[in-house]
Amino acid sequence: MPTYPHLKADFTASLVVFLVALPLCVGVAVASGVPAELGLVTGIVGGIVTGLMRGSSLQVSGPAAGLTVLVYEAVDEFGLPVLGVVVLATGLLQIGMGALKVGRYFRAISVSVVEGMLAGIGLVLIAGQLYSVLAAEAPESGLGKIAGLPEALVGAVDSAASLASLALGAGTVAILVLWKRLPARVRVVPGPLAAVGLATAVAVLVDAPVAAVEVNGLLGAVQPPSLDAFGELAGVGLLGTVVAFTLIASAESLFSAAAVDRMHDGPRTAYDKELMAQGTGNAVCGLLGALPMTAVIVRSSANVQAGARTKASRVLHGFWLLLFAALLPGVLAFIPIPALAGVLVHAGAKLIPVRSLVGLWRAHRGEALILVVTAVSIVAVSMFEGVLIGVALSVVKAAWDASQVKVEVIDKGAGPVQAYLSGNVTFLRLPKILDSLEALPQDRPVELHLAGLHHLDHACRTALESWAERHSSAGTEPVKVTAH
C-alpha cells in the first residue's frame, strides 16, 4: 500500500485550483486598490498556512471577491500601510472566537442576511468593475456607481481606448458565460484562466491601448505594518472596519464550509477549528501587509470537482502560486485590467441569487424582504451598516414569528364559553389576545385554557389576570383559568 494513496488525485486537483486561483487572486487585488502581488501573497498563505490546519479538509482559502468592496473602502480611507493592521486584528479576533467556540454560532445567522450581504457586495462589485471595463473613473458611493453608469457608457463611445477596453472586458465575460457549454476536453482549462489568457493574447497581438497590471515584484509589494500604523486602532472608525472584516470574513468562510460539506462524503467541517485556521491565515497576511482571506466557494468547488481527497491539494496549490510569484511575476504586466474586471463582473453576478429569490418570495416573503433590504442597504449606505440592518430585521422577524398565538373560542350556546390559547404569548400579540377576550359575552361564565401555551411572558400574564378580574366583576361567575 502506498504511503500517500491519494497523492495523484490531490496533485491533479491542486493544479486545477492553482489555475482557477491565479486570475482571481490578481483580479481581487487590483479591484481592491492594492498591488497585484498582494493578492498572490494572500493566496499563498491561504494554501500553505491555512491549508495545513485542521477545520475543513477540502475548502480553499484566498482573497475573496466578497471582501473587495470593504478592502477598497478601507485602503481609500486609512491608506495601504494600515491594511495590514486591520487584517492582523481580524485574524486575532477570529482565533479568539474559535478558541471560545463561537464558530458554530455563525450557523445561526439568517441565510437571507448572508445572501443579501453577498448580493449587495455583488451589485457594488459589478458597478465598480464596469468602470474599469469602460476605462472610466468610478464614483465613491455605491449609489453613485450605479447612477453614473449610463453617463460612463455614453462617454466611452467617443474614446478609442475606452472602446478597446470595453471590447476586452465584454469578451472576457462572454467567454466565462459560454465556457461551461463547450466540450469537456476544452473545459479542462478553467474558465477564468482561459478568459484572461485569451484577452491578454489579443491585447498583446493588436497592441490594444488598455491599462495593464502594474508589477512591483513580490518582495517590493510586501510591506509589514509599521508601529505607527498600530496607533490607528485607537480610532473608532478603524475598529468598526475590523469588526466588519471579522464578521463578514467569518460568515462567508463558515457558510462556504457548509456548502462544501454538501459536495463530498469526506470528513465534516469542525467550525471552531476552521475559524481558528482562517484567523491564523489572516494574522499572517496582516503581518505581511496583504489582503484578508476567506474560504472561497469558487476555488473550493473546483477542488472537490477535480477529485481532491485530502488537504494536500490546497497546500500544493499554495506552492504553485508561490513558484509563479517567484519565477514569473513579469507575466502579470501583460494582463489587461479590463479582462480582470470582466472576471470580477462575472463573479459579482454569481453572488446575486436571482433564481432563489423568486422561489423565496413565493414561499417566505419575509425572508425575501430581509434579503432585498440587506442588499439595498449595502449599496445605499455601506457594507457594515447594511449587514447590521439585515441582522436587526432578521431578529425582529424571528421575534414576530416566535410570538405567534392562536385564540380559539368555543361557545355551545349554553354553559361556559371556552377560550383556548396556544403558541407563544408575548407583549407583541397582547392587543390581539385582549381584543378576542374582551369580545366574549359579559353575562356568561368563561373558562380560559392555557395548557397549549409554550411561553407566557410577565406582561401578558398580568394583562390576562386584569382581564379576568374585570370580567368577573360584571356579576358573572369568576373566570376559571386552566393551565394544565
Between Gly318 and Ile44, what is the shortest heavy-atom contact and its length?
-> O-CG1, 3.9 Å
Can you check side-chain hydrogen bond (donor to acceptor under 3.5 Å, both in side chains) on Gln94 and Asn282, steps first, answer last?
-> CA-CA 9 Å; Gln94 287 180 310; Asn282 273 319; 2.8 Å; yes
Would you check if the side chain of Ser313 reaches a backbone N or O of Arg309 as a donor-acceptor pair within less than 3.5 Å?
-> no
Take Leu275 and Ser253 through the side-chain contact (heavy atoms from CB on, under 4.5 Å) test and state the conclusion after the steps.
-> CA-CA 8 Å; Leu275 191 55; Ser253 294; over 6 Å; no
Report, as yes or no, whether the 6.0 Å neighbourhood of atom CZ on Phe230 holds more than 12 heavy atoms from other residues, nucleotides or ligands.
-> yes
Give, for atom CH2 of Trp361 and atom OG of Ser356, the distance between the pair rounded to the nearest 0.5 Å.
-> 14.0 Å
Least distance between heavy atoms, Pro225 atom then Gly289 atom | CD-N, 4.3 Å
Do Met97 and Ser250 have side-chain heavy atoms sitting under 4.5 Å apart?
-> yes
Decide side-chain contact (heavy atoms from CB on, under 4.5 Å) for Val45 and Met293; before the verdict, give the C-alpha distance in whole Å, the side-chain angles of both, and the deciding distance to 0.1 Å.
-> CA-CA 9 Å; Val45 174; Met293 75 167 61; 3.7 Å; yes
Glu274/Arg54 ion pair, N-O < 4.0 Å = no
Is the count of non-hydrogen atoms from other residues, nucleotides or ligands lying under 6.0 Å from Phe319 atom CZ greater than 12?
-> no
Atom pair CG/SG of Leu340 and Cys25 - distance to nearest 0.5 Å | 11.5 Å
Just wondering, do Val20 and Leu193 contact through their side chains at under 4.5 Å, heavy atoms?
-> no
Heavy-atom donor-acceptor pair, Ser165 side chain to Ala161 backbone, under 3.5 Å = no
Pairwise side-chain contact, Leu166 with Pro338, heavy-atom cut-off 4.5 Å (strictly under) | no
Determine whether Asn303 and Gln59 make a side-chain contact, defined as any pair of heavy atoms from C-beta on separated by less than 4.5 Å.
-> no
Distance, nearest 0.5 Å, that separates CG of Leu327 from CG of Leu322 = 8.5 Å
Where Leu88 and Ala283 come nearest, the two heavy atoms and their spacing | CD1-O, 3.5 Å
Side chains of His317 and Val60 in contact at under 4.5 Å (non-hydrogen atoms) = yes
Flag, side chain of Trp179 to backbone of Ala174, donor-acceptor distance under 3.5 Å = no
Determine whether Val202 and Leu198 make a side-chain contact, defined as any pair of heavy atoms from C-beta on separated by less than 4.5 Å.
-> no
Spell out, as yes or no, whether a donor-acceptor pair under 3.5 Å connects the side chain of Tyr72 to the backbone of Val34.
-> no
Please confirm whether the backbone N or O of Pro139 pairs with a side-chain atom of Lys145, one donor and one acceptor, at under 3.5 Å?
-> yes
How about Val71 and Pro292: do any of their side-chain heavy atoms sit closer than 4.5 Å?
-> yes
Indicate whether the side chain of Gln278 and that of Ser61 have a donor and an acceptor atom separated by less than 3.5 Å.
-> yes
Where Thr200 and Pro336 come nearest, the two heavy atoms and their spacing = OG1-CD, 3.3 Å
Using modelled atom types only, decide if a donor and an acceptor are shared between the side chain of Thr310 and the backbone of Ala312 within a distance under 3.5 Å.
-> yes
Could you tell me which non-hydrogen atom of Gly342 sits nearest to which non-hydrogen atom of Leu176, and how far apart they are?
-> O-CD1, 4.1 Å
For Val26 against Ala36, the heavy-atom pair lying closest together | CG1-CB, 3.9 Å
CZ on Arg187 to NZ on Lys180, rounded to 0.5 Å = 10.5 Å
Any chance you could lay out the side-chain contact (heavy atoms from CB on, under 4.5 Å) test for Ile175 and Val177, step after step, and finish with the verdict?
-> CA-CA 5 Å; Ile175 292 170; Val177 172; over 6 Å; no
Test item: Glu73 and Asp76 side chains (from C-beta on) under 4.5 Å apart, heavy atoms | no
Return the set of residues passing side chain to side chain donor-acceptor pair (under 3.5 Å) with Ser159 (not counting sequence neighbours), or none when no residue passes.
-> Ser162
Lys397 atom NZ, neighbour heavy-atom count above 12 within 6.0 Å | yes
Start with the C-alpha gap between Leu19 and Val16, add the side-chain angles, then the distance that decides, and say whether side-chain contact (heavy atoms from CB on, under 4.5 Å) holds.
-> CA-CA 5 Å; Leu19 295 175; Val16 173; 6.0 Å; no
Going from CD on Glu115 to CG on Leu357, what distance comes out if it is rounded to the nearest 0.5 angstrom?
-> 8.5 Å
Between Thr42 (side chain) and Leu291 (backbone), is there a donor-acceptor pair under 3.5 Å?
-> yes
Which value, rounded to the nearest 0.5 Å, describes the distance between Ile95 atom CD1 and Leu100 atom CG?
-> 12.0 Å
